[in-house]
Amino acid sequence: MRVFNFSAGPAALPLPVLEQARDEMLDWRGSGMSVMEVSHRSKGFIAVAEQAEADLRELLAIPDSYKVLFLQGGASAQFAAVPLNLCPAGARADYVDTGHWSQRAMAEARRFVTVNVAADTAASRHTTVPAQAELRLDAGAAYVHYTPNETIGGVEFPYIPDTGGVPLVADLSSTILSRPLEVARFGLIYAGAQKNIGPSGLAVVIVREDLLGRARPDTPAILDYKAMAGSGSMLNTPPTFGWYIAGLVFRWLKSEGGLAAIGERNRAKAARLYAAIDDSGFYSNPVARECRSWMNVPFALVRPELDAAFLAEATRAGLTNLAGHRAVGGMRASIYNAMPAAGIEALVDFMTDFARRNG
Ligand SMILES: *Cc1c(COP(=O)(O)O)cnc(C)c1O
């Protein structure tokens, strides 16, 4: 039996994608093999790779002046790849600190560049995002890095920062493809796949062409965006199965009406869940309303001693992986694209019933 899986990542995938992958597992398109068993340089696989890129470009309306890369090492490899590719040794970069993932990105960047913390929301315990006017930007920075959606804190920027002429770099791991996006505002976007794209291990990078070719000479080739772009992300054997699944997910998004339709659905899903939390008198969400995440909804019970019972009963009801991140505790419902509205209804019904019985 399939459950409603609220995992933050690796996260639920759309059922039609899993069904197609299952149906094609032993005999992929008449090859007598699975897609995992064919050469990445074969005509068949190249077609899969090119179609996935074309579909992603269409979904996000990615301008032709951007390269799309399918890389390995997840989002965390990009924490290092970004400074290596965009900064000469000794350069400076601005980082906006909104919590866990921006801090992880900064910690890695400090190995390669001088990091200026352009803003920091520690004073609100990372329940807000800085306003544009609060960003202390350095006009000489090589780039500005931020995390549009903090997956653990459940905090999301309601705006895209204006950085003047300095390239804006975004870790969109947990919010990419959740709604339309103005790609042209960014110098570089990266995302680990395991939230809204496909299997873990894969990362998608969307980079403006004029930013290629600045890599430090000691950059490892497989982290070098220019080398990867020049080889069609096939400098070495790419993660072929992940790329194939990502392609099926992009197809599914198109068949669901594209990102405008998906965005409307996600907005409604999140609104329903936040309203249930706010109106309950039993659950609470600490994040400022204007920057609540559409994808990751942390919440606490008024009586934390009930957490274990809540999680056990939810699991028995087919609602799984609702425990908050180990760093913060409490609960978190991750409601990415693949979570249907029916999953939100089931969760709200369960939460209402649990509150009634324990309130
Ligand atoms: C999940 C996540 C990461 C880490 O991704 P890995 O693929 O495990 O490296 C980084 N940033 C954000 C915002 C995430 O949600």
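Both backbone and side-chain heavy atoms feed into the values below; hydrogens, waters and symmetry mates do not. Ligands are counted one by one from 1 in listed order, and the atoms in each one are counted from 1 as well.
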4.5 Å side-chain heavy-atom contact, Gln78 and Tyr225: yes
Tyr146 and ring pair (Phe, Tyr, Trp, His ring centres under 6.0 Å): which partner among Phe157, Tyr159, Trp101? Phe157
Atoms of ligand 1, numbered as shown, that sit under 4.0 Å from any heavy atom of Ala75: 3 (C), 4 (C), 5 (O), 6 (P), 7 (O), 9 (O), 10 (C)
Give the atoms of ligand 1, by number and element, whose distance to some non-hydrogen atom of Ser174 is under 4.0 Å. 15 (O)
Closest non-hydrogen protein atom to [atom], residue and atom name please, with distance?
{"atom": "atom 2 (C) of ligand 1", "result": "Lys195 NZ, 2.5 Å"}
{"atom": "atom 15 (O) of ligand 1", "result": "Thr151 OG1, 2.4 Å"}
{"atom": "atom 9 (O) of ligand 1", "result": "Ser76 OG, 2.6 Å"}
{"atom": "atom 11 (N) of ligand 1", "result": "Asp171 OD2, 2.6 Å"}

Between ligand 1 and Asn149, is the shortest N or O to N or O distance under 3.5 Å? no
Polar contacts were defined as any N/O atom of the residue lying under 3.5 Å from an N/O atom of the ligand; does this apply to Gly192 and ligand 1? no
Return the SG to OH distance between Cys87 and Tyr143, rounded to the nearest 0.5 Å. 4.5 Å
Would Gln194 count as a contact of ligand 1 if the rule is a heavy atom under 4.0 Å away? yes
Before accepting this row, confirm whether a basic side-chain N of the pair Glu53/Arg57 lies closer than 4.0 Å to the acidic partner's carboxylate O. yes
Please say which of Arg292, Arg179, Arg267 ends up in a salt bridge (Lys or Arg N to Asp or Glu O under 4.0 Å) with Glu156. Arg179
Can you confirm if the aromatic rings of His145 and Tyr95 lie within a centre distance of less than 6.0 Å? yes
Tell me whether the centres of the aromatic rings in Phe310 and Phe350 are closer together than 6.0 Å. yes
For Ser233 and Leu71, the nearest pair of non-hydrogen atoms, with its separation, is OG-CD2, 4.4 Å
Answer side chain, backbone, both or neither: which part of Glu150 comes under 4.0 Å from ligand 1, heavy atoms only. neither
With a 4.0 Å heavy-atom cut-off (strictly under), which part of Phe79 contacts ligand 1: side chain, backbone, both or neither? side chain
